[in-house]
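What follows is a single structure, written as structure tokens, with notes after it.
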Amino acid sequence: MKFKVFDSYEELSAYSAELVAGVIREKEDAVLGLATGSTPIGLYEELIKLYDDKNLDFSKVKSINLDEYIGLDGTHNQSYRYFMNLNLFNHINIDKKNTHVPNGVAENLEQSVAEYDELIDSMGGIDVQILGIGPNGHIGFNEPAEQLKLNTHVAELTKETIKANARFFASESDVPTQAVTMGMGPIMKAKKVILIASGENKAWAVKSLVDDVITTSIPATLLKLHPDVTVLLDKKAASQLEV
Ligand code: F6R
């Protein structure tokens, strides 16, 4: 794992966008594994700037998102499909047919989650996976547990995650309690992983990435087994590191 600490969120975002741009410049039909939440918004803004400046072409790029709330369809303003359109896809020349977010309102959820894994395989796997991290160390919605799931599945959100995500909803009781999430398998199989974290509330989870422990009770620690992970932090997220 490589770590890099930035003075500001803006610098972190610009650097992470350059890493993603590098992957696309090397492979025009790259498969991007994408995350939602507050953290990657700056990265997406920087990718849009690169596109606007004619420095990046998304016409052949494909994307696959980590997760989606159950019960919210793509038109709901808190769905992750809506988030991706709003914060990235509507502003670049990606073909929306090449963008994939799990279906949170599928009639047959079991079939839909199984098809998501087949889709990832049919795309040839993920070239670069963007990850945020939960204050509890979750990645995607792979929440701390005795066992983690390998494949795409329906996850129960922990109280802590519901609380953390309540800021986007009118009230905590409006936050869905379940989500479809990619499992640890496709994340660990991604050729490259970029984990970004900003803010004091991530410092504990970030510290767990440098300890000599791997535990399913902090899912992000499994990334220590991945050969190509870059962790990009602002100073607050890095505040419990001893560097
Ligand atoms: C979102 C996702 C989550 C977030 C994490 C951090 O697609 O998979 O794991 O990355 O909850 O969220 P923020 O960035 O809002 O702090």
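In listed order, ligands and their atoms are each counted from 1.
Of all the heavy atoms in Thr152 and Met182, the pair that sits closest is OG1-CA, 3.8 Å. The shortest heavy-atom contact between Pro40 and Gly37 is CD-O, 3.3 Å.
Side chain of Glu143 to backbone of Thr158: a donor-acceptor contact under 3.5 angstrom is found. A distance-only check finds a donor-acceptor pair linking the side chain of Gln78 to the backbone of Phe168 [under 3.5 Å]. Listed for the Lys202 side chain is a donor-acceptor partner under 3.5 Å among the backbone atoms of Ile133. Remark: side-chain polar atoms of Asn103 are paired, donor with acceptor, to backbone N or O of Val105 under 3.5 angstrom. Side chain of Asn87 to backbone of Phe83: a donor-acceptor contact under 3.5 angstrom is found.
The protein heavy atom nearest to atom 10 (O) of ligand 1 is Gly132 CA, 3.3 Å. Looking only at protein heavy atoms, the nearest one to atom 11 (O) of ligand 1 is His138 NE2, 2.7 Å. At the top of the distance list for atom 6 (C) of ligand 1, counting protein heavy atoms only, stands Ile133 O, 3.4 Å.
Distances from ligand 1 to the non-hydrogen atoms of Arg167 include at least one value under 4.0 Å.
The closest non-hydrogen atom to atom 4 (C) of ligand 1, taken over Ile41, Thr36, Asn136, Asn201, comes from Thr36.
Figure legend: Lys235 and Phe6 shown without cation-pi pairing, the cationic atom not lying both under 6.0 angstrom from the six-membered ring centre and within 45 degrees of its axis.
Within ligand 1, the atoms closer than 4.0 Å to a non-hydrogen atom of Leu66 are 8 (O), numbered from 1 in the order shown. Under a 4.0 Å criterion applied to the non-hydrogen atoms of Thr39, ligand 1 contributes the atoms 13 (P), 14 (O), 16 (O).
Classification of the Phe141-Tyr69 ring pair by plane angle, with boundaries at 30° and 60°, yields tilted.
Residue Tyr80 has no N or O atom closer than 3.5 Å to an N or O atom of ligand 1. Considering backbone and side-chain N/O of Lys202, one or more are found under 3.5 Å from N/O of ligand 1. Considering backbone and side-chain atoms alike, Gly140 places an N or O below 3.5 Å from some N or O of ligand 1.
Of the heavy atoms in Asn65, none comes closer than 4.0 Å to ligand 1. Within the 4.0 Å heavy-atom criterion, neither part of Glu143 lies near ligand 1. Of the heavy atoms in Asp67, only side-chain atoms (C-beta onward) come closer than 4.0 Å to ligand 1.
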